[in-house]
Number of protein chains: 2
Amino acid sequence: MFSKACKYAINAMIYISTLPGGNDRVSLKDISKAINSPEAFTAKILQVLVRENLLSSIKGPNGGFEIHEDGRKTQLYRIVQVIDGDQIFIGCALGLEKCSEDHPCAVHNKFKAIREHLAGMMLTTSLEDMAKGIKNGTNFLKI
Amino acid sequence: MFSKACKYAINAMIYISTLPGGNDRVSLKDISKAINSPEAFTAKILQVLVRENLLSSIKGPNGGFEIHEDGRKTQLYRIVQVIDGDQIFIGCALGLEKCSEDHPCAVHNKFKAIREHLAGMMLTTSLEDMAKGIKNGTNFLKI
DNA sequence: TTTATAAAGGATAAAAATATCTTAAATATC
DNA sequence: GATATTTAAGATATTTTTATCCTTTATAAA
Ligand code: FES
Ligand code: FES
């Protein structure tokens with residue numbers, strides 16, 4: 001469904017969102033430990049998220065990554081879009097050049113419903129929402 | 001969502017299902033032309049489908065691929081399972097070792113519904129069903 | 001029985017995704 | 001200002017996926 005890069009991105013963003021916020025930042029090392037991901041690869045993914053303004057970073061001692069108040073409203077949809085692109089939301093499930101009503105593939109109609117279900121869910125799920133379950137121990141980021 | 005191999009497999013199986021059946025077989029060349037896929041790669045995929053008995057093949061002149069009467073009842077689910085494995089149906093969306101209620105990832109509950117929607121659709125969609133739309137020109141296998 | 005045809009199987013190649021390493025830039029603390 | 005820390009960036013490596021090529025096997029038809 002999602003690439004590994006995208007899974008790491010989602011879990012990392014959620015993890016960062018569980019932390020206090022304020023002046024505290026969390027380091028790459030802590031993030032990849034918390035989500036059980038390869039550190040250097042995770043760094044590359046976080047770079048993209050910073051570049052796309054889903055996340056902010058500060059270099060140097062006590063530096064690290066942080067998500068501001070309003071950044072926690074970020075939709076799951078947006079994270080996937082930034083890392084994996086939006087083919088999962090708008091592309092043809094069977095590989096036609098584009099998905100359309102005019103030239104539908106063999107599963108177009110049946111898939112449309114699922115894709116809308118998926119997109120709807122991801123548009124209405126925010127980091128805040130997901131972080132809640134992690135903070136209260138209902139949900140998990142690794143293993 | 002699906003690998004390219006899987007998309008080719010699905011389209012190929014549908015294409016073969018649109019043909020009369022009887023004694024007529026269709027060649028690799030015709031298949032990859034009909035679904036616009038790389039011939040040699042498609043051959044590899046068809047080999048797997050034959051090995052898994054979703055398809056039968058005959059070598060030599062007038063040889064080719066064929067799907068028998070009852071083979072056309074094959075579920076879309078089964079094709080995906082054979083080519084891509086069933087991680088899409090049973091694996092964790094965020095990469096946890098396994099998907100479970102006891103140790104759910106951050107999106108488990110929301111994803112479960114979508115995955116069930118997807119699995120249900122694929123279990124109830126057969127080659128026969130999909131071939132119908134192709135035969136009457138409502139749906140398309142390429143471009 | 002020879003020849004041609006078509007899939008199977010094995011080896012190899014190219015591209016993309018995943019992962020690591022090394023150096024540079026920024027910044028806080030001494 | 002020097003030093004240590006932490007992310008950014010660029011280069012490189014490994015693995016997986018996608019794709020191609022070549023040889024073998026089966027079979028139909030001449
Ligand atoms: S055309 Fe294939 S999903 Fe719409
Ligand atoms: S635990 Fe992640 S989808 Fe179920």
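Each chain gets a letter, A, B and so on, in the order its sequence line appears, and its residues count up from 1.
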Partner nucleotide of C:dT20 by Watson-Crick or wobble geometry (both distances under 3.5 Å):
D:dA11
When rounded to whole Å, the CD to P distance for the pair A:Glu39 and C:dT18 reads 19 Å
In terms of the nearest nucleotide of DNA chain D, which residue is placed more toward the 5' end: B:Asp84 or B:Arg25?
B:Asp84
Rounded distance (Å) that lies between atom C1' of C:dA19 and atom CG of A:Asn36:
14 Å
Between A:Asn136 and A:Thr138, is any side-chain donor less than 3.5 angstrom from a side-chain acceptor?
yes
Whole Å only: how far is the CD1 atom of B:Ile83 from the P atom of D:dA19?
14 Å
Does B:Asn62 place a side-chain N or O at less than 4.0 Å from the phosphate oxygens OP1/OP2 of D:dA29?
yes
Take the protein atom NZ of B:Lys59 and the nucleotide atom P of D:dT25, then report the distance between them rounded to whole Å.
9 Å
With no angle test and no hydrogens, is the base of C:dA7 tied to the side chain of B:Gln47 by a donor-acceptor pair under 3.5 Å?
no
A:Phe65 side-chain proximity, nearest of D:dA19, C:dA6, D:dA8:
D:dA8
Report the distance from atom CZ of A:Phe41 to atom P of D:dT16, rounded to the nearest whole Å.
13 Å
A:Ser57 vs D:dA8: side-chain N/O to OP1/OP2 distance below 4.0 Å
yes
So does A:Glu52 pair up with A:Arg78, basic N to acidic O under 4.0 Å?
yes
Think B:Tyr8 has a side-chain N or O under 4.0 angstrom from the OP1 or OP2 of D:dA19?
yes
Classify the side chain of A:Lys44 versus the base of D:dA9 as yes if they form a donor-acceptor pair under 3.5 Å and no if they do not.
yes
Kindly state whether the ring of B:Phe111 and the ring of A:Phe2 have centres lying under 6.0 angstrom apart.
yes
How many whole angstroms separate atom CG of B:Leu49 from atom C1' of C:dA8?
14 Å
So B:His103 and A:Phe140, would you call those rings parallel, tilted or perpendicular, with 30° and 60° as cut-offs?
parallel
Give the nucleotide from the list C:dT20, D:dT18, C:dA28 with an atom nearest to the side chain of B:Ala5.
D:dT18
side-chain N/O A:Lys4 vs C:dA19 OP1/OP2, d < 4.0 Å
yes
Regarding the side chain of B:Ser3, the nearest nucleotide among C:dT27, D:dT18, C:dA7 is D:dT18
Residue closer to the 5' end of DNA chain C, A:Phe2 versus B:Leu46 (nearest nucleotide)
B:Leu46
Rounded to the nearest angstrom, tell me the gap between atom CD1 in A:Ile58 and atom P in C:dA26.
14 Å
B:Thr42-B:Ser32 side chain donor-acceptor pair, cut-off 3.5 Å
no
Rounded to whole Å, the CZ-P distance (B:Arg51 to C:dA7) equals 16 Å
